[in-house]
Amino acid sequence: MEVTLSVSRYDPDSERPETYYQEYGFDIDENATVLDGLIKVREEIDGSLALRCSCRSAICGSCAMRVNGQAMLACNTRLADVQPSNGGPVVVEPAGNMGLVKDLVVEFDLFWDKIRAVKPWLQPEGPEPEAEYLAPSEDMLHLSGVMSCIMCGACVSDCTVLEVDDNFLGPAALAKAYRFVADPRDGADNERLGELNEYGGVWDCTRCMQCVEVCPKDVAPMDRIMAMRDQAMEAGYTNTYGARHAMAFADSIEHSGTLDELRLPIKTFGIFNIKEMIKLAPVGIKAQLAGKRPPIFHKKTPGVENVRRLFEKTEKVENDK
Amino acid sequence: MKYAFYPGCVSRGAAPELYASTMEVAGRLGLELDYEPMKTASCTGSGVLQEKNQRLGDTLNARTFALAERSGLPLLVICSTCQGVMSQANKRLTSDPDYLASVNEDLAEEGLEYKGTIEPKHLMWAIIEDIGIDKLKAAVTRPLTGFKVAPFYGCYIVRPSSALDFDDNPERKDSLERVIEAVGAEVVDFDGKTACCGFPILTINQTASLTMVANHTGEAKHKGAMAMVTPCPLCHLNLDGYQPQASKLRRQEPIDLPIIHFPQMLGLAMGIDPQAMRLNKHIVSTTKLLSTMALTP
Ligand code: SF4
Ligand code: SF4
Ligand code: SF4
Ligand code: FES
């Protein structure tokens with residue numbers, strides 16, 4: 001199979017360090033992976049290409065990079081599957097949202113700082129048991145979904161919030177936080193949730209699902225973040241914009257069957273939060289001028305009592321759990 | 001082709017242009033949009049309700065599906081977010097018979113049951129899969145030649161690809177580009193086209209949200225786009241409504257990129273009066289764009 005790779009190159013020690021793309025064409029086995037291709041380039045065509053890899057079996061998490069614009073493990077991706085249909089080259093770039101070291105190698109310092117920030121160790125409660133800490137296998141089975149994270153950084157690479165705000169803890173660290181919040185042996189849930197409720201924590205995720213899409217291990221970081229939002233609200237952390245938004249939203253649907261946009265921002269910010277209200281005002285006024293404003297009287301959906309009944313029912317199911 | 005029509009909250013709230021333009025183009029595409037079966041349907045929950053209680057979200061969507069099933073019509077939506085939230089719920093419901101049965105128990109009191117036969121479909125997908133690109137082309141009376149437009153999908157209509165059946169329907173991946181080309185316009189490709197508009201964190205982390213708006217509209221403009229088209233009214237809200245503030249945040253000249261709803265683009269190519277599609281009601285003015293293209297509002 002003929003393949004052309006267009007590889008992003010960068011050498012900090014060169015005279016003018018800047019990123020450029022270099023094309024490599026070669027013949028390779030139908031079943032070869034992107035990593036096989038890159039290793040072939042390094043060994044047979046251009047020994048100066050820097051990349052990181054070890055296990056070649058999607059275990060060590062070293063080889064996350066962007067292929068055709070999306071993060072994935074190079075060792076887990078068949079070249080045949082990513083060949084563009086228009087005959088163009090396969091574009092290989094370093095993972096995003098992390099500092100560049102050289103070519104396809106990125107800086108993981110910030111990644112680990114964030115993992116450390118969520119205190120990724122067990123903080124058990126009460127007296128130490130005589131033997132080991134016991135945990136129901138059901139719970140551990142659930143946790144194994146998160147524990148399968150191999151710290152490859154693919155999710156961090158493509159996270160849309162990290163792209164604009166590097167204070168965000170990000171999908172990998174938050175998934176790790178969930179691993180302890182959901183661990184029945186951990187006694188620090190409340191503190192953990194309190195910290196995760198702060199700026200940069202669970203409420204800063206924009207639910208874009210990039211992390212779910214690119215994770216090679218089905219960790220689904222976003223789903224874990226959503227679970228922690230609910231747990232934080234349940235634990236009484238309700239005084240954030242995010243929590244108030246979620247509650248106001250549910251309230252609106254329960255009340256009228258649909259979303260009452262007009263009421264939403266007011267509830268989200270709290271009626272007395274004048275400063276935030278004014279921040280919103282320019283657009284509000286402009287929207288009104290442009291005739292975009294939703295009808296002042298939010299009409300109830302006919303049959304809303306059925307919707308309300310379902311709210312009561314499922315809430316009961318949740319509580320019984 | 002007749003559909004049970006689910007307009008979504010936003011098209012009847014902050015984005016009435018979407019509703020108006022959908023109604024304008026439907027007839028010309030031979031679509032009959034029946035709202036009657038959906039009259040008592042609730043919001044999809046938009047992913048926000050699901051944060052608090054996923055089962056509740058799934059139950060409400062199962063109820064909407066059951067209403068559509070009862071009407072015997074396929075289900076049409078016009079919002080990327082509705083599409084994604086419904087598709088995800090549908091996957092969970094139809095892949096787990098026990099779960100579906102227990103949700104149906106809750107629906108039974110209202111005399112409803114969801115059998116699992118509904119496939120919610122955005123107008124954009126329906127054009128390609130049910131109506132046919134040829135039929136769309138035939139309805140075009142004024143090809144948008146020279147109109148350079150950047151596509152912006154909205155997260156929920158591209159991710160997670162497993163819930164959206166991209167494997168079985170690979171044309172869904174570039175459906176927006178296909179339609180842009182079918183109406184004679186030119187696609188301005190840019191990295192941000194499948195990124196997040198930032199709307200969900202607008203009230204939580206406004207700076208991050210506005211930076212996303214500035215980045216995407218700025219990049220598209222930089223690549224030569226005269227406008228951006230989106231099948232998601234929530235993206236429209238952020239990209240259009242907050243573009244002036246986003247420009248300020250960057251301390252730059254106004255980005256000034258009109259954001260067009262998907263059916264508005266179709267309507268322009270069908271020679272429909274821009275005012276009837278409320279193109280004069282946008283925050284970022286479309287006047288200059290329309291006059292450049294000799295489509296005065
Ligand atoms: S869903 Fe949240 S955590 Fe995941 S990539 Fe998007 S913003 Fe980042
Ligand atoms: S969550 Fe998935 S993508 Fe993120 S670091 Fe872990 S394995 Fe990689
Ligand atoms: S996603 Fe949007 S328009 Fe769609 S149902 Fe919900 S809030 Fe309403
Ligand atoms: S080389 Fe180890 S995960 Fe790819």
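Looking at A/R207, the atoms closer than 4.5 Å to chain B (heavy atoms on both sides) sit in the backbone and in the side chain alike. Neither the backbone nor the side chain of A/Q231 has a heavy atom closer than 4.5 Å to any heavy atom of chain B. Proximity to chain A is limited to the side chain of B/N215, based on heavy atoms less than 4.5 angstrom apart. The part of B/Q88 that comes within reach of chain A is its side chain, from C-beta onward, which places non-hydrogen atoms under 4.5 angstrom from that chain.
Residue A/M209 comes nearest to B/C155 through the heavy atom pair CE-O, 4.3 Å, listed as atom of the first residue, atom of the second, then distance. Taking every heavy atom of both residues into account, A/Y199 and B/N205 meet most closely at CE1-ND2, 3.7 Å. The two residues A/N306 and B/E110 come nearest to each other via the heavy atoms ND2-OE2, 2.9 Å.
With a 6.0 Å radius and a threshold of 12 heavy atoms from other residues, nucleotides or ligands, B/K288 has its NZ atom at or below the threshold. Within 6.0 Å of the CG atom in A/D218, the count of heavy atoms belonging to other residues, nucleotides or ligands does not exceed 12.
Side-chain contact between B/R63 and A/L310: present, with at least one pair of heavy atoms (C-beta onward) separated by less than 4.5 Å. Side-chain atoms of B/N53 and A/F311, non-hydrogen and from C-beta on, never get closer than 4.5 Å to each other. With contacts defined as side-chain heavy-atom distances shorter than 4.5 Å, the pair B/V158/A/E213 does not qualify.
To the nearest 0.5 Å, atom CE of residue A/M226 and atom CD of residue B/Q54 are 11.5 Å apart. Separation of atoms OG (A/S85) and CG (B/D174) is listed at 8.0 Å; rounding is to 0.5 Å. Note that SG of A/C208 is 9.0 Å distant from OH of B/Y156, once rounded to the nearest 0.5 Å.
At a heavy-atom cut-off of under 4.5 Å, chain B is reached by A/V164, A/D165 from residues 164-171 of chain A, listed in order of number.
For the set A/M228, A/M222, A/R309, the entry with the most heavy-atom pairs within less than 4.5 Å of chain B is A/R309. Contact count versus chain A (heavy atoms, under 4.5 Å) is highest, among B/L107, B/V103, B/I201, B/T211, for B/I201.
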